[in-house]
Amino acid sequence: MSYSKPKFRHPDLPKNELGLSKTDYEGAISTLCAGCGHDSISAAILNACFEMSIEPHRVAKLSGIGCSSKSPAYFLGKSHGFNSVHGRMPSVATGANLANRDLIYIGISGDGDTASIGVGQFMHVVRRNLDMLYMVENNGCYGLTKGQDSATSDLGSATKKGRPNMYEPIDLVALALRLGATFVARSFSGDKKQLEPLIKAAITHKGFALIDVISPCVTFNNTATSTKGYEYIRSHADNMEVDFVPMREEICTSYKAGTTQQVCMHDGSSVHLHKTAADFDIHDRQAAMEAVYDHKKEGRILTGLLYMAHDSEDLHKVLDTVPKPLNALREDELCPGSRFLNSINEGLR
Amino acid sequence: MSYSKPKFRHPDLPKNELGLSKTDYEGAISTLCAGCGHDSISAAILNACFEMSIEPHRVAKLSGIGCSSKSPAYFLGKSHGFNSVHGRMPSVATGANLANRDLIYIGISGDGDTASIGVGQFMHVVRRNLDMLYMVENNGCYGLTKGQDSATSDLGSATKKGRPNMYEPIDLVALALRLGATFVARSFSGDKKQLEPLIKAAITHKGFALIDVISPCVTFNNTATSTKGYEYIRSHADNMEVDFVPMREEICTSYKAGTTQQVCMHDGSSVHLHKTAADFDIHDRQAAMEAVYDHKKEGRILTGLLYMAHDSEDLHKVLDTVPKPLNALREDELCPGSRFLNSINEGLR
Amino acid sequence: MRRIEAVNDFVIKFANVNGTGSASANHMFAKSIFRMGIPVSPRNIFPSNIQGLPTWYEVRVSQKGYLGRRGGVDILLCVNPQSMADDIQSVEPGGYFIYDSSKPLDQRLRRNDVEFIGIPFTQMCLREYDDARQRLLFKNMIYVGALAALLNIDFAVLKDLVGDQFRGKEKLITPNVHAMELGYQYATENFDCPLSIRVEHASEIGEHISYTKHILMDGNTAAGLGAIYGGATVAGWYPITPSTSVIEAFERYARRLRIDPGTGQNNFAIVQAEDELAAMGICIGAAWNGARSFTATSGPGLSLMSEFLGLAYFAEVPVVLVNVQRAGPSTGMPTRTQQPDILAAAYASHGDTKHVLLFPSTPKECFDMTAQSFDLADRLQTPIILMSDLDLGMNDHMSPPLEWDDEREFDRGKVLSAEDLDNMDERFGRYLDTDEDGIPYRTYPGTHPEKGAFFTRGSSRDVYATYTEDGEAYVHNMERLLQKFETAKEYVPAPKIKLAGKKTSVGALFFGTTASPCYEAIEMLADEGSAIDTIRIRAFPFNAEVEQFIADHDTVFVIEQNRDGQLRRLLINECELPPNKLISILHYDGLPITARSIAMSMRDSLTTNKVTPIRRKTAKKVKS
Amino acid sequence: MRRIEAVNDFVIKFANVNGTGSASANHMFAKSIFRMGIPVSPRNIFPSNIQGLPTWYEVRVSQKGYLGRRGGVDILLCVNPQSMADDIQSVEPGGYFIYDSSKPLDQRLRRNDVEFIGIPFTQMCLREYDDARQRLLFKNMIYVGALAALLNIDFAVLKDLVGDQFRGKEKLITPNVHAMELGYQYATENFDCPLSIRVEHASEIGEHISYTKHILMDGNTAAGLGAIYGGATVAGWYPITPSTSVIEAFERYARRLRIDPGTGQNNFAIVQAEDELAAMGICIGAAWNGARSFTATSGPGLSLMSEFLGLAYFAEVPVVLVNVQRAGPSTGMPTRTQQPDILAAAYASHGDTKHVLLFPSTPKECFDMTAQSFDLADRLQTPIILMSDLDLGMNDHMSPPLEWDDEREFDRGKVLSAEDLDNMDERFGRYLDTDEDGIPYRTYPGTHPEKGAFFTRGSSRDVYATYTEDGEAYVHNMERLLQKFETAKEYVPAPKIKLAGKKTSVGALFFGTTASPCYEAIEMLADEGSAIDTIRIRAFPFNAEVEQFIADHDTVFVIEQNRDGQLRRLLINECELPPNKLISILHYDGLPITARSIAMSMRDSLTTNKVTPIRRKTAKKVKS
Ligand SMILES: Cc1ncc(C[n+]2csc(CCOP(=O)(O)OP(=O)(O)O)c2C)c(N)n1
Ligand SMILES: Cc1ncc(C[n+]2csc(CCOP(=O)(O)OP(=O)(O)O)c2C)c(N)n1
Ligand code: SF4
Ligand code: SF4
Ligand SMILES: [Mg+2]
Ligand SMILES: [Mg+2]
């Protein structure tokens, strides 16, 4: 459990436009490992919603299965949440959004949840341009099942469980760009300054907004090149269930646009993050794809808002649904009644 | 049924290096619609295998479900075939290949089978670089279930069943390139001259070889801009099961490298195919992605071999399996016997 | 040769090649008889392909209103040389074989106990039309015309039907009528019309049962329309035969009936998903969020939805699934009918699960039950699975007209509004069994700024929806779900019981499309002196009436269309019945079960007094 | 206060926080007792998370060799303040509560009927170590040391264990031993050691049963090793608790035992697939192509594999699935045990399907049955599902040593070689039932240039594997599959029957991990004078012995760990049994069923002479 509610609440905590304080945006106490990147992301979402003065109950939180997918329980406790099944959150989100276009949909997934079992659903929800924020809490491994490789790139660590990842990784940002996603961004869990504005922009965006967030798994995503202390624990737990998880601090960073930052992971390895510069054209899809590709070749991960469509038609537009939420239509708007049935009967004689 | 075996067989039919004639490469009589592009592809595979003097029984044919997926029954009758379940041929092919690396694997799929229900498996088989020819018989619709839109681009026809396709299409060639596929090509079912050499190259390639073949569905992929005759039939069958399928001729084409060809479809619509020029660099992945993208923007479909990796490590290489097929390992190579069990028991006391 | 003599009571079968437009012509044939006031039940027996393979269309004409398959063929109209040899064999002695005599008949195929009627359809077309497509299409109309003469069908009725079919495309009417006239004329000139088997206007032969109010409709269309009336707004689906037309019908009607008058926009959303998992996921998401949602699928789709169905059961999300059964297992025979998914649907998904099933028997019930299933789902907060089948779903059936009670209101079940929440003193507990019926209260997302929010999950939770691994809380919740299933018995449609009139210790139990031929078989046996009470099951869980019926009889036949006697198993399991009381009559060759075969099985069993379950082997010999 | 007096017969439970390294220390504790020759059965009760939540480790020490859970806790060692209040409540009167006294105990929690032993573990660590991690880790070793003194554990044995554990990392040995010594010393100095509950070297108390040959092993490791011995070469899988360690074990052993001596390359291939559908697809592809392949999964994975299992059934592809059951439905309680997938596995997939199930009860059986399942799959050409569970799979169990008969040979079933094909006169028919046992002959792809090739499909085909929609051919094939299932009864492992010694009309039937506590309960009742015969089911389909056993008794208890009495249902269904004969004893709160609760249920039932099935309600009150 890594962040806990303050015991004492100051009577004049800062309030937002709705008169709510941050505590109104909190959720249950996290049961993730101390220092887990996912908790930082929860905090960022909480902050963004607070600052945007979003009514908590107008948000619906959706997820699949995994440590990441648990996290919707740990923010916005006044919102409904749906922790569904592994890899299938996109379809559940599609249905939810169709039922009520007036809520804000925040989907939380992991890299295993999205890039392995769920990659088909992910691709198809991108195609639908569903109006939602889709957050991948990307730690390059399966946290909840104890550290298997996932299908995304090895974020900051070349090996886990001793053997190198053997397959070409799936870059979700590149994939989404390719598939015509209308909002695509990448960030790092510990970089609040970058992450919070991205979340705000994504929520504001009408259509599908992907934020792929690098979010270190402090427990399993560790390399062989690790610190002495870490090696000690490895040896200790050798050939057994990993049953010792050291307490860690959250990894934070903050760096300027246009620069590269080396971020040191808990195990001593590092990732090189590069923030898009101020003059980056966020409306050029092709250029974005190339930039992502080029940075990768150089061993750097490009972060920031990478693409945003000028105009974006979400699924409701495509399906031409009424402005009123479908779940609010009254019986008389839905049921044609007996009169019409007679004409149907007539046509079937 | 669109192609039937010749009644009379000439005693001195041409033979290949194995002394086999083309009839040795035939399969059961096709039950597809007359003029269906899929039958042309079957013929091209048959020809390629004949000309390469491949022993038919050294080929294993795999497929999912659909008109396209039925077609493995219609060529190479002396090969084993496996018509599995919808969208899941890639995993079945993975297992088959792991069991016996010595056979040639030909997978046949449709655009529904690959890009909708099967897109997750498709992506992951690409990542594995499984040594196989993966052929998508792409007609932009669901043939066997009577004409629903599929997730691939609208090939030559803007609307089916009267309504426009509403979603951003998935371009399988672009997707495969993006995912690191080691052999990527596109062709047209009626262009034997292009298709047969591509099949040969793909079979020769060590690793995953995708050929996305545009293959017109003569029955369902029809546009509103259709001929009078067609409209008549539409009206006739209005609001009913489509139960009249006109007999059609196969659509053939042949054009030069570097040129664009307009191919007229059965319903009067057309596609613009552009063949890669002789100087196209097939080893530059990034360039291939751009070329595909650029042609698409201009409303043309780039055909030909688009990318081939200089060196390609297939799944067996990655997994470091023995050269001998796993299904041929003898019991004494697999079972450690009682002696070793004693040492295991010892370690558990 | 003694010819079969029959007025308004026979079976005619068409042997065609698929993709030649025959289905529409055959449909017109059946409908013309229906419009003459005579009950018909047409059945399309089609291959799993698009063009070029044998396809049949079997029409039962039955003044008595027997709508199930009877068994046997009295008239066979064959325009498909591929299947001709077998087709000839299938005709009953004394029946007719009508064929295309453009090519001479292979004399070895001739039978002496059948009357052969040759009409040169192909030659007539060659003479009359230049265009190859027209030749194919009009051939069908020609044989319909010929049949009109041979069977005494009212030609005016046929003409009207052509007019109806081509409304808006008037220029097509004349040529089609002309083609029929060609056939009519040829038959009148060359044969003694009408034949010994023929139809008469029902009114003319003074039948007292009037079917003038009845309609001819397929179950899938009815289910699609039922979803409109039931208030479905969201459908996620994936194409699969034979369920596709449920959604197609829903969409067709929605485009007529669900356009918002103010904006011209849609009061519905239909998404063709990437597969069945996603289709079910969409429905679950929508239902969780307070919209009525449904999907339709068949065999393989049901298997793929299994994980999600378990989620909906455990997380208590209402959702409606129309499962149009086909012959399994695996891909099986995708264009053949069966009832083989009973166990797979009832116990779908791992862990302890049970699902509510509805068994419609007619298009009217497809309509009624689909509409009702949304109320049931909301009321019970659990998936409702409508178990239709290919025979019911894809064939036209004669049915009483559809009805709707305008007084009836949607039952959205236990949903708390913002006001309800404001008026509540106690803490809201999503899984609190306040009413002791196992059904808790829910809220829709976005209802109230402060109260009523909860977290839905497929994992264990306490009554306040908080995650827990506490064994007691888990068991408490699982017991409540059982309790809810108990409650469901009060809400699901009751069985239909028909008593034999005289006291009997023998009962028959069946459901869905097995019902029609069963009723007919029971009447046959009644005529022979064997009285059998019947119960038609309409839902699972089975309620007290079902148990009572079985308790009241010594022997109960359970008739179903699958190999393993799945409904019988479910009955034994859930009602704790002695198995030897229930005698299976099974049929599962992919064609609808026939009245004759049921009667035969019952007769066998009653006379030899067997009490062990019997399995009717349809397989005599295997063709290789 | 009367203290519990017990030598080599008690239950001790550790209350820890997960992620603190306690599991390894607790394991060392259990193993030290095992090495003293005393039967132990440790059970890890862990949350579905990685760090910071309560986790327990319950060790049953039983000189008599009872390895199931007994019920009740005699000693509780608690180092987790979160769960302390409940933990104190759980101790049996007369037992001990050992806790970290670094902080003073909340006096309201004290009980008078329990002895409290406070040891300042945290303070001792703070004094001794600077590094935070070391403080956490060594705390575990300190309490192990203290327990050694309190319970009379041989310290030399513990030292050896530390040596074994850190072989190759010798510098870690001294500090770990030192930590244990700290605890040992503190306990000896401050308390009267040993307690009234304690251990003695088995040899010293003169026990005649010797467990010196026995091993301590978990079921998943045994299953993984069984797959090595069974000749599996291909594994496709997807991680899911509690099955993951099956594949991990397979891989670990394969890297030791399956390296080709010539090339140094792998005689196996393991692919972590993208999901469970793909995992099963990989296995099916490999098995079709002649390799032995398997996968392992749990609940949700089983649901996802359902479509593919139907394909393998119908297309007759041998494939092995290890299903390690956990508490369902849906995500349920993923780290808790149950036996809730019996029906889902037996009838997996739509259509008429039935699958062969094996029920291992011990790690040795996990090993034997996994190895055997490859023979069975090949022999029967159908999926074989091994039904293990979390309790068996993830906990160490004392077991007789593993054995392998070197004379035994793989049975690859009916496979034709090129030579066989050359010697054949008749036409090869993939689905011809030549031997009349329902099992046809197959060929591997690539076998012969001219003969033996066939097309495998999930759709209907004739005996020559040609696609057909012919009803007779379809039924013939389906009947053959039933026949094959009949044949399976001869091949699957027979049940184990233990008679009570004196004649009795009461029987008990159980399987898997329910067996151990059942045997214990039966012995308890035997001591009280109630004789009960037992049968342990080891496979589905049930063979004649099972039917005979039930026939021979008036009342048969069916004890299982799920809500719906799923095995009982399967028995009634498949053996056509009168349901009222079979009395359900159910337990499904996620913790392994206990001997005491089984004995109580049986006692209740036998004394009140109830014949209706009873359901043991574990839920007393729900915590909110
Ligand atoms: C159908 C199914 N398969 C497997 C699992 C087991 N499982 C739980 S979480 C998980 C992986 C989670 O990885 P990721 O999405 O990256 O989340 P993380 O824990 O790393 O945040 C898996 C495989 C499951 N719950 N359901
Ligand atoms: C699980 C499952 N869902 C749906 C179907 C029904 N189905 C059969 S073929 C098909 C689509 C085929 O489309 P495509 O792959 O493009 O092949 P084509 O017929 O166009 O060649 C579908 C949806 C099925 N067989 N299995
Ligand atoms: S295991 Fe990794 S991903 Fe999961 S909570 Fe711990 S640190 Fe986070
Ligand atoms: S329906 Fe289309 S894809 Fe299928 S066989 Fe006919 S032409 Fe080919
Ligand atoms: Mg992850
Ligand atoms: Mg297609």
Trainee: Give a yes or no on whether the backbone of B/G207 and the side-chain of B/N129 come within a donor-acceptor separation of less than 3.5 Å.
Mentor: no
Trainee: Counting only heavy atoms closer than 4.5 Å, note whether B/I344 contacts chain D via side chain, backbone, both or neither.
Mentor: side chain
Trainee: At a 4.5 Å cut-off on heavy atoms, which part of B/P323 comes close to chain D: side chain, backbone, both, or neither?
Mentor: both
Trainee: Establish, for the pair B/R88 and D/F308, whether the NZ or CZ atom is under 6.0 angstrom from the six-membered ring centre and no further than 45 degrees off its axis.
Mentor: no
Trainee: Between D/D405, D/D164, D/I215, which has the largest tally of heavy atom pairs under 4.5 Å with chain B?
Mentor: D/I215
Trainee: Regarding B/S30 and B/H38, do their side chains bring together a donor and an acceptor under 3.5 Å, going by distance alone?
Mentor: no
Trainee: Honestly, is D/R461 close enough over D/F455, meaning NZ or CZ under 6.0 Å from the six-membered ring centre and within 45° of the axis?
Mentor: no
Trainee: Does the structure place the NZ or CZ of D/R442 under 6.0 Å from the centre of the six-membered ring of D/F454, at an angle of no more than 45° from the ring's axis?
Mentor: no
Trainee: Does this structure show an ion pair linking B/E26 with B/K22, if we count only N-O contacts that are shorter than 4.0 Å?
Mentor: no
Trainee: Who wins among B/S79, B/A96, B/P90 for the most heavy-atom pairs under 4.5 Å with chain D?
Mentor: B/A96
Trainee: Of all of D/L225, D/I284, D/I282, which one pairs up most often with chain B through heavy atoms under 4.5 Å apart?
Mentor: D/I282
Trainee: So, taking the atom named CG in D/D218 and the one named OG in D/S399, what distance separates them when rounded to the nearest 0.5 Å?
Mentor: 11.0 Å
Trainee: Given the options B/G347, B/A99, B/P336, which has more heavy-atom pairs under 4.5 Å with chain D than any of the others?
Mentor: B/P336
Trainee: Among D/T466, D/D275, D/D406, D/I259, who wins on heavy-atom pairs under 4.5 Å with chain B?
Mentor: D/D406
Trainee: With chain D as the partner, which of B/V125, B/L326, B/V318 has the greatest number of non-hydrogen pairs under 4.5 Å?
Mentor: B/L326
Trainee: From D/I228 CD1 over to B/L341 CG, what is the distance, rounded to the nearest 0.5 angstrom?
Mentor: 12.0 Å
Trainee: Who wins among B/A60, B/S84, B/G77 for the most heavy-atom pairs under 4.5 Å with chain D?
Mentor: B/S84
Trainee: With chain D, which of B/K78, B/E346, B/M123 has the greatest number of heavy-atom pairs at distances under 4.5 Å?
Mentor: B/K78
Trainee: Step through it carefully: locate the ring centre of D/F367, locate the ring centre of D/Y229, and say whether they are under 6.0 Å apart.
Mentor: yes
Trainee: Could you look at B/E331 and say if it's the side chain, the backbone, both or neither that has a heavy atom under 4.5 Å from chain D?
Mentor: both
Trainee: Identify which of D/V271, D/V317, D/D396, D/T221 forms the greatest number of heavy-atom pairs closer than 4.5 Å to chain B.
Mentor: D/V271
Trainee: Under 4.5 Å from any heavy atom of chain B, what part of D/E409 do you find: side chain, backbone, both or neither?
Mentor: both
Trainee: Just checking B/F122 against B/Y134, ring centres under 6.0 Å apart?
Mentor: yes
Trainee: With respect to chain B, which residue among D/P261, D/A291, D/G310, D/A453 yields the maximal number of heavy-atom pairs within a distance under 4.5 Å?
Mentor: D/A453
Trainee: Go through the atoms of D/T263 and report whether side chain, backbone, both or neither lie under 4.5 Å from a heavy atom of chain B.
Mentor: side chain
Trainee: D/K451 versus chain B, heavy atoms under 4.5 Å apart: side chain, backbone, both or neither?
Mentor: neither
Trainee: Check each atom of D/L311 against the heavy atoms of chain B and say whether the ones under 4.5 Å are side chain, backbone, both or neither.
Mentor: side chain
Trainee: Any idea which of B/K70, B/E333, B/R128, B/R58 has the most non-hydrogen atom pairs under 4.5 angstrom with chain D?
Mentor: B/R128
Trainee: With no hydrogens and no angle check, do the side chains of D/Y467 and B/T31 hold a donor and an acceptor under 3.5 Å apart?
Mentor: no
Trainee: For a quick check under 3.5 Å, do B/S63 and B/N83 share a side-chain donor-acceptor pair by atom type?
Mentor: yes
Trainee: Using a cut-off of under 4.5 Å for heavy-atom pairs, which of D/W288, D/W404, D/F268 has the most such pairs with chain B?
Mentor: D/W288
Trainee: D/S373 and D/V320: which non-hydrogen atoms are nearest, and at how many Å?
Mentor: OG-CG1, 3.4 Å
Trainee: Which distance, rounded to the nearest 0.5 Å, do you find between the CG of B/D314 and the CG of B/D131?
Mentor: 5.0 Å
Trainee: Does any backbone or side-chain atom of D/T447 lie under 4.5 Å from a heavy atom of chain B? Answer side chain, backbone, both or neither.
Mentor: backbone
Trainee: If you measure only the distance, is there a donor-acceptor pair under 3.5 Å linking the side chains of B/H205 and B/T182?
Mentor: yes
Trainee: Check each atom of B/A93 against the heavy atoms of chain D and say whether the ones under 4.5 Å are side chain, backbone, both or neither.
Mentor: neither
Trainee: Measure B/L329 against the heavy atoms of chain D and call it side chain, backbone, both or neither at under 4.5 Å.
Mentor: side chain
Trainee: Is D/R256 close to chain B through its backbone or its side chain, or both, or neither, when contacts mean heavy atoms under 4.5 Å?
Mentor: side chain
Trainee: Where on B/P72 is there a heavy atom nearer than 4.5 Å to chain D: the side chain, the backbone, both, or neither?
Mentor: both
Trainee: Quick one: what part of B/L319 sits under 4.5 Å from any heavy atom of chain D, side chain, backbone, both or neither?
Mentor: both
